[in-house]
Amino acid sequence: MNVRVRFAPSPTGFLHIGSVRTALFNWLYARHTGGTFVLRIEDTDTARNTEQSLRTILDGLAWLGLTHDEGPYFQSQRAAIYRQRVKQLVDAGMAYEREGAIRFKMTREPIVMNDLIAGKVTRELGDREVNDPDFVIVRSDGNPVFHFVNVVDDLEMKITHVIRGEDHLSNTPKHIALFRAFGVEPPKYAHIPMILNKDGTKMSKSDPDPVKARLASLTGYIEDGYLPEAVRNYLCLLGWSPKDDRQVLPIEEVIQKFDLPQVLRSNAKFDAAKLEWMNGQYINRLTGEELDRRVTGIPGADVAYRRRVLELLKSKVTLLKQFPERTKYFFTDDFPVEPVDAALLGKLADRYACVPTWDAASLEAGLKALATELGVKTGQLIHPCRMAVSGQTVGPSLYHMLEVLGRDRVLARLRKT
RNA sequence: GGCCCCAUCGUCUAGAGGCCUAGGACAUCAGAUUCUCAAUCUGGGUACACGGGUUCGAAUCCCGUUGGGGCCGCCA
């Protein structure tokens with residue numbers, strides 16, 4: 001069977017991190033099976049459908065590398081198809097008009113679903129449904145509703161596997177009944193569990209807590225300097241596991257191993273700290289050259305110098321946005337310095353002025369020799385030196401830092417204090 | 001209220017009846033690296049929600065309880 005899956009977001013103006021995971025699992029399944037990944041924009045709710053909202057979705061998916069093979073299709077352009085399908089049901093006596101709306105005659109029997117992830121699920125009618133199981137498929141204003149267009153599109157687009165959030169599990173009987181009304185077998189369903197905040201609440205961009213609100217949409221991660229491959233890798237591990245002890249794995253391997261029955265059935269809580277750790281892992285694996293292409297906000301026209309600075313700092317950094325702040329002193333003399341022993345640093349400057357070659361090894365040897373002569377611990381020279389040249393108490397290995405900074409800057413800063 | 005799903009360290013997970021006095025990762029704590037730490041290394045603590053079964057034997061199977069999540073719209 002030729003697998004066809006789809007990601008069908010609604011253009012709401014942001015991409016929810018849970019939707020991103022759903023898109024990822026669809027994409028993984030398509031790539032794993034050699035199938036087709038369809039993108040469909042569910043823009044039937046005209047009230048919140050904007051050009052910008054579409055851009056957010058397209059840019060977000062592109063950022064993550066989740067490229068679609070077909071589409072995007074727009075529900076707003078498919079009204080004729082829906083009208084025809086409504087007519088089909090009405091003509092067949094399976095839908096009827098009431099109070100201006102068109103309602104579907106829902107079966108009264110419990111519906112059995114064989115979900116690829118949740119397993120066999122039998123849904124009885126709820127207390128309200130028992131009295132009136134039928135549901136509206138076309139509003140009195142003439143617009144078809146989500147459940148209807150969703151099914152019609154999946155049918156028309158020959159979707160074979162519907163991989164979506166578990167919040168749709170309870171809706172699935174309606175969808176199955178509609179497929180049967182159209183005389184076709186419903187697709188296979190795979191409902192993936194939800195992603196919740198660490199405290200178990202729903203992730204929402206309108207959460208009163210700004211920290212939690214920011215975690216809910218993809219935009220924040222892009223702005224904060226997360227690498228797409230790190231976000232993608234982290235998301236793969238929410239509800240799925242390679243079943244060995246590795247956390248960082250190439251996407252090619254995930255594609256090869258990923259399958260629906262192995263997806264966990266329980267909800268996952270989002271661990272921002274682990275994501276950040278993972279991002280640091282990915283940053284550390286990039287070269288200075290690669291980092292220079294991705295990091296913005298680093299001044300200076302000297303490309304080679306920028307690359308060396310990024311290379312030097314990368315192991316200390318977990319977010320790209322940290323680079324400009326932490327590398328500031330490489331590009332400017334304008335930073336505050338706490339008081340240090342000027343006489344002592346003057347001697348170090350004199351020593352460094354005649355160091356044979358300006359490299360970490362020579363600088364280390366020079367500093368240690370001076371410390372011995374003066375009868376002080378190396379730390380008594382190292383810490384003031386770091387402060388004088390960087391204004392910081394923490395940073396990369398001092399000697400490597402001095403090497404990258406270069407002779408002129410270092411001597412000037414040591415003597416300036 | 002009804003219906004549905006779920007339940008292993010704080011978090012993500014491994015575990016598909018004996019390999020488990022439960023493994024890995026993040027986080028955390030303690031050491032180390034006699035140059036810091038925001039890096040790295042080493043080590044520690046921390047979990048099978050509870051109660052019944054089934055079985056020689058259960059984290060693994062069944063039932064119940066509790067807890068968490070979801071759906072019950074002319075929203076998607």
Side-chain angles (χ1 to χ4, degrees), chain A residues 8-12 19 42-45 47-49 75 98-103 110 113 115 117-119 121-130 133 135-150 165-174 191 193-202 234 236-248 264-278 280-281 284 313-319 322 326 364 367-368 377-387 390 392-401:
Chain A
S10 173
T12 56
S19 299
E42 306 219 328
D43 55 350
T44 52
D45 185 3
R48 57 185 188 191
N49 167 28
Q75 290 186 330
R98 191 169 100 187
E99 292 161 15
I102 296 177
R103 293 162 53 94
M113 307 169 256
D115 194 276
I117 294 168
V121 176
T122 306
R123 237 216 81 174
E124 310 276 348
L125 262 37
D127 55 357
R128 295 180 207 180
E129 293 166 325
V130 169
F135 59 93
V136 170
I137 55 173
V138 182
R139 302 187 190 90
S140 45
D141 67 5
N143 288 316
V145 304
F146 162 77
H147 294 302
F148 185 76
V149 297
N150 188 269
E166 198 190 80
D167 47 339
H168 287 298
L169 185 58
S170 294
N171 291 326
T172 304
K174 289 181 180 175
H191 287 92
M194 314 263 84
I195 303 178
L196 307 172
N197 283 314
K198 193 100 185 243
D199 63 7
T201 57
K202 197 181 223 169
Y234 176 74
C236 285
L237 263 28
L238 249 35
W240 180 84
S241 161
K243 299 198 188 296
D244 55 32
D245 292 339
R246 289 170 309 145
Q247 313 293 318
V248 179
L264 252 36
R265 302 174 66 166
S266 52
N267 291 346
K269 289 173 185 166
F270 195 87
D271 187 352
K274 183 161 180 177
L275 203 210
E276 190 170 329
W277 166 81
M278 183 160 288
Q281 297 294 305
N284 201 213
L313 266 295
K314 70 180 186 183
S315 70
K316 307 275 183 183
V317 162
T318 53
L319 300 171
Q322 292 166 346
R326 295 194 188 184
E364 178 169 5
L367 185 140
K368 282 182 172 169
K377 290 181 182 172
T378 55
Q380 286 179 261
L381 276 174
I382 285 166
H383 299 305
C385 179
R386 179 187 297 283
M387 175 53 69
S390 72
Q392 303 289 314
T393 57
V394 298
S397 153
L398 180 74
Y399 310 114
H400 293 91
M401 187 173 104

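In what follows, chains carry the letters A, B, and so on, assigned in the order in which the sequence lines appear, proteins first and then strands, with residues in each chain numbered from 1.
Distance, A/Lys198 NZ to B/G10 P: 11 Å, rounded to whole Å. As a whole-Å value, the separation of A/Asp271 CG from B/C26 P is 11 Å. Rounding to whole angstrom units, CZ of residue A/Phe270 and C1' of B/G68 are separated by 20 Å. Between the NZ atom of A/Lys274 and the C1' atom of B/G10 there is a distance of 13 Å, rounded to whole Å. Distance OH (A/Tyr234) to P (B/C26): 13 Å, rounded to an integer number of Å. Computed from coordinates, the A/Met194 CE to B/C12 P distance equals 15 Å when rounded to whole Å. Note: CG (A/Leu125) to P (B/C72) measures 14 Å, nearest angstrom. If you take CZ of A/Phe146 and C1' of B/C74, they are 15 Å apart, rounded to a whole angstrom.
Residue A/Leu169 is in sugar-phosphate contact alone, with no base atom involved, counting any heavy-atom pair closer than 4.0 Å across all strands shown. Within 4.0 Å (heavy atoms only), A/Lys377 reaches no atom of the nucleic acid at all. At a threshold of 4.0 angstrom between heavy atoms, the contacts of A/Ala273 are confined to the sugar-phosphate backbone, with no base atom among them. Counting any heavy atom pair closer than 4.0 Å across all strands shown, A/Arg123 reaches sugar-phosphate atoms only and no base atom. Nucleic acid contact class of A/Gln322 (heavy atoms, under 4.0 Å, all strands): none. Using a 4.0 Å heavy-atom cutoff across all strands shown, A/Glu124 reaches sugar-phosphate atoms only and no base atom. Counting non-hydrogen atoms under 4.0 angstrom, A/Pro396 reaches a base of the nucleic acid.
Within the 3.5 Å criterion, the main-chain N or O of A/Pro193 finds no donor-acceptor partner in the side chain of A/Asn267. Under a 3.5 Å cut-off, the side chain of A/Asp141 and the backbone N or O of A/Asn143 do form a donor-acceptor pair.
Minimum atom distance to the side chain of A/Asn171 is reached by B/A76, of the listed B/G69, B/G24, B/A76. Closest contact between the side chain of A/Ser170 and the listed nucleotides B/G70, B/C72, B/G69 involves B/G70. Distances were taken from every side-chain heavy atom of A/Val121 (C-beta onward) to each of B/C5, B/C74, B/G70; the shortest belongs to B/C5. Candidate nucleotides B/C6, B/C72, B/A76 were compared by shortest atom distance to the side chain of A/Arg265, and B/C6 ranks first.
Counting heavy atoms from C-beta on, the side chains of A/Met401 and A/Arg386 come closer than 4.5 Å. Contact annotation: the side chain of A/Leu169 approaches that of A/Met113 to within less than 4.5 Å [non-hydrogen atoms, C-beta and beyond]. Using a 4.5 Å heavy-atom cutoff, the side chains of A/His383 and A/Thr393 are not in contact.
Judged by Watson-Crick or G-U wobble contacts below 3.5 Å, the nucleotide B/G1 has B/C72 as its partner. Pairing of B/A59, defined by two Watson-Crick or G-U wobble distances under 3.5 Å, is not identified with any nucleotide. Pair check for B/C37 finds none; no Watson-Crick or G-U wobble contact set falls under 3.5 Å. If you check B/A25 for Watson-Crick or wobble pairing at under 3.5 angstrom, you find it paired to B/U11. Searching all strands for a Watson-Crick or G-U wobble partner of B/U54 with both distances below 3.5 Å returns nothing. In this structure, B/G45 makes no Watson-Crick or G-U wobble pair, since no nucleotide meets both defining distances under 3.5 angstrom.
With sequence neighbours left out, A/Tyr234 forms a ring pair (Phe, Tyr, Trp, His ring centres under 6.0 Å) with A/Phe270. Take A/Lys274 and apply the salt bridge (charged side-chain N to carboxylate O under 4.0 Å, His left out) test, not counting sequence neighbours, and it matches no residue. Residues passing the ring pair (Phe, Tyr, Trp, His ring centres under 6.0 Å) test with A/Phe146 are A/His168, sequence neighbours excluded.
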What protein N or O atoms touch nucleotides 37-40 of chain B N or O atoms at under 3.5 angstrom, if any, and at what distances?
from, atom 1, to, atom 2, distance (Å)
B/C37, O2, A/Lys316, NZ, 2.8
B/C37, N3, A/Lys316, NZ, 2.3
B/A38, N1, A/Arg326, NE, 3.4
B/A38, N3, A/Arg326, NE, 3.4
B/A38, N3, A/Arg326, NH1, 2.0
B/A38, N3, A/Arg326, NH2, 3.3

With 3.5 Å as the limit, what N/O pairs link the protein to nucleotides 48-51 of chain B?
none

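Rounded to whole Å, the separation between the C1' atoms of B/U46 and B/A25 comes to 15 Å. B/G18 and B/G52 have their C1' atoms separated by 23 Å, with the value rounded to a whole Å. Taking the C1' atoms as reference points, B/U28 lies 9 Å from B/G10, given to the whole Å. B/A7 and B/U60 have their C1' atoms separated by 14 Å, given to the nearest Å.
In terms of position on RNA chain B, the residue among A/Ala118 and A/Thr201 whose nearest nucleotide sits closer to the 5' end is A/Ala118. For the pair A/Arg103 and A/Gly200, both in contact range of RNA chain B, the more 5′-proximal nearest nucleotide belongs to A/Gly200.
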Exercise for the section: Can you check each nucleotide of nucleotides 13-23 of chain B against protein heavy atoms at under 4.0 Å and return B for base, S for sugar-phosphate only, - for none, in 5' to 3' order? Expected result: SSS--------
